[in-house]
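Everything below concerns the one structure shown next.
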Amino acid sequence: MGLKAIIANSKDNVATAISNIVKKEKVSMNLEDDIVEIVSNQDIPFGHKMSLKDIKKGDDVIKYGEVIGMATQDINRGDYVHIHNVESKRGRGDLTK
């Protein structure tokens with residue numbers, strides 16, 4: 001089985017699907033010199049994100065080594081990560097730096 005997701009940076013807590021992933025599928029991806037395998041908890045479309053670890057509500061979501069948003073609910077390892085459980089932190093006046 002080939003790799004089905006990529007991790008862009010070792011700081012990332014999400015991976016990007018490089019093909020469609022189905023619920024309960026074991027997904028392989030590279031993390032530096034290792035292969036990581038995670039079972040998906042939901043279907044994850046091509047180009048969308050999958051959690052590499054448990055992320056608590058309010059924690060940063062990190063992709064490309066950069067914060068891309070904040071978890072709006074607890075996210076489990078293998079969960080689909082998208083707008084239903086992440087919101088942007090950029091350009092918001094209600095969040096302090």
Side-chain angles (χ1 to χ4, degrees):
M1 171 186 281
L3 301 177
K4 299 213 61 177
I6 57 172
I7 304 169
N9 188 290
S10 61
K11 295 177 185 174
D12 293 356
N13 56 14
V14 295
T16 302
I18 54 175
S19 62
N20 290 325
I21 297 169
V22 296
K23 182 178 180 179
K24 303 292 183 192
E25 183 176 359
K26 184 185 292 185
V27 180
S28 299
M29 58 200 93
N30 287 331
L31 178 57
E32 298 178 339
D33 294 331
D34 295 323
I35 298 291
V36 175
E37 291 185 330
I38 298 176
V39 175
S40 64
N41 298 327
Q42 296 91 25
D43 293 343
I44 301 172
F46 167 80
H48 289 238
K49 298 175 292 300
M50 174 182 190
S51 180
L52 297 171
K53 56 183 73 173
D54 292 344
I55 304 170
K56 297 291 182 194
K57 180 180 178 180
D59 285 353
D60 290 335
V61 175
I62 302 168
K63 182 178 177 182
Y64 310 119
E66 299 292 332
V67 175
I68 62 166
M70 175 177 60
T72 58
Q73 63 189 54
D74 289 345
I75 300 171
N76 295 314
R77 177 184 165 114
D79 279 358
Y80 179 32
V81 178
H82 197 51
I83 59 173
H84 66 284
N85 54 14
V86 176
E87 66 182 3
S88 176
K89 294 172 70 173
R90 296 181 183 201
R92 293 180 49 166
D94 60 330
L95 298 175
T96 58
K97 293 183 179 183

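Worth saying up front: this structure is predicted, and the values here are computed from it rather than measured. Along the sequence shown, residues carry numbers from 1.
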Enter the distance from [X]:[atom1] to [Y]:[atom2] here, rounded to the nearest 0.5 Å.
{"X": "Asp79", "Y": "Ile44", "atom1": "CG", "atom2": "CD1", "value": "8.0 Å"}
{"X": "Ile21", "Y": "Lys26", "atom1": "CD1", "atom2": "NZ", "value": "14.0 Å"}
{"X": "Glu37", "Y": "Leu3", "atom1": "CD", "atom2": "CG", "value": "9.5 Å"}
{"X": "Ser40", "Y": "Glu25", "atom1": "OG", "atom2": "CD", "value": "6.0 Å"}
{"X": "Lys11", "Y": "Glu66", "atom1": "NZ", "atom2": "CD", "value": "7.0 Å"}
{"X": "Met50", "Y": "Ile6", "atom1": "CE", "atom2": "CD1", "value": "13.5 Å"}

Next on the checklist: For Ile35, I'd like to know if atom CD1 has over 12 heavy atoms of other residues, nucleotides or ligands within 6.0 Å.
Outcome noted: yes
Item to check | Heavy atoms of other groups near Lys89 NZ, more than 12 under 6.0 Å | outcome: yes
So, do [X] and [Y] sit near enough that their side-chain heavy atoms are less than 4.5 Å apart?
{"X": "Met29", "Y": "Leu52", "value": "yes"}
{"X": "Asn30", "Y": "Ile7", "value": "no"}
{"X": "Pro45", "Y": "Tyr80", "value": "yes"}
{"X": "Asp43", "Y": "Lys23", "value": "yes"}
{"X": "Val81", "Y": "Lys63", "value": "no"}

Non-hydrogen atoms of [X] and [Y] that approach each other most closely:
{"X": "Gly58", "Y": "Met70", "value": "O-CG, 3.5 Å"}
{"X": "Ile75", "Y": "Asn85", "value": "CD1-O, 3.7 Å"}
{"X": "Asn76", "Y": "Ser51", "value": "O-CB, 3.4 Å"}
{"X": "Ser10", "Y": "Leu31", "value": "CA-CD1, 4.0 Å"}
{"X": "Val86", "Y": "Gly69", "value": "CG1-CA, 4.0 Å"}
{"X": "His84", "Y": "Thr72", "value": "O-OG1, 3.8 Å"}

Checklist entry - Of all residues at least two apart in sequence or in a different chain, which pass the salt bridge (charged side-chain N to carboxylate O under 4.0 Å, His left out) check with Lys24? => result none
Checklist entry - Between Lys4 and Ala17, is there a donor-acceptor pair closer than 3.5 Å when you use the side chain of the first and the backbone of the second? => result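 No; zero donor-acceptor contacts below 3.5 Å.
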Next on the checklist: Grouping I, L, V, M, F, W and Y whenever their side-chain heavy atoms are under 4.5 Å apart, do Val61 and Val67 come out in a common cluster?
Outcome noted: no
Checklist entry - Are Ile38 and Ile62 joined in one hydrophobic group, where the rule is that I, L, V, M, F, W and Y side chains link up if heavy atoms are under 4.5 Å apart? => result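 No, Ile38 does not connect to Ile62 through the hydrophobic network.
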Item to check | Any pair counted as ring pair (Phe, Tyr, Trp, His ring centres under 6.0 Å), so long as it reaches residues 4-36, sequence neighbours left out | outcome: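 Checked against ring pair (Phe, Tyr, Trp, His ring centres under 6.0 Å) - neighbours excluded - no pair reaches residues 4-36.
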Checklist outcome for this item: The side-chain hydrogen bond (donor to acceptor under 3.5 Å, both in side chains) partners of Asn9 (sequence neighbours excluded) come to none
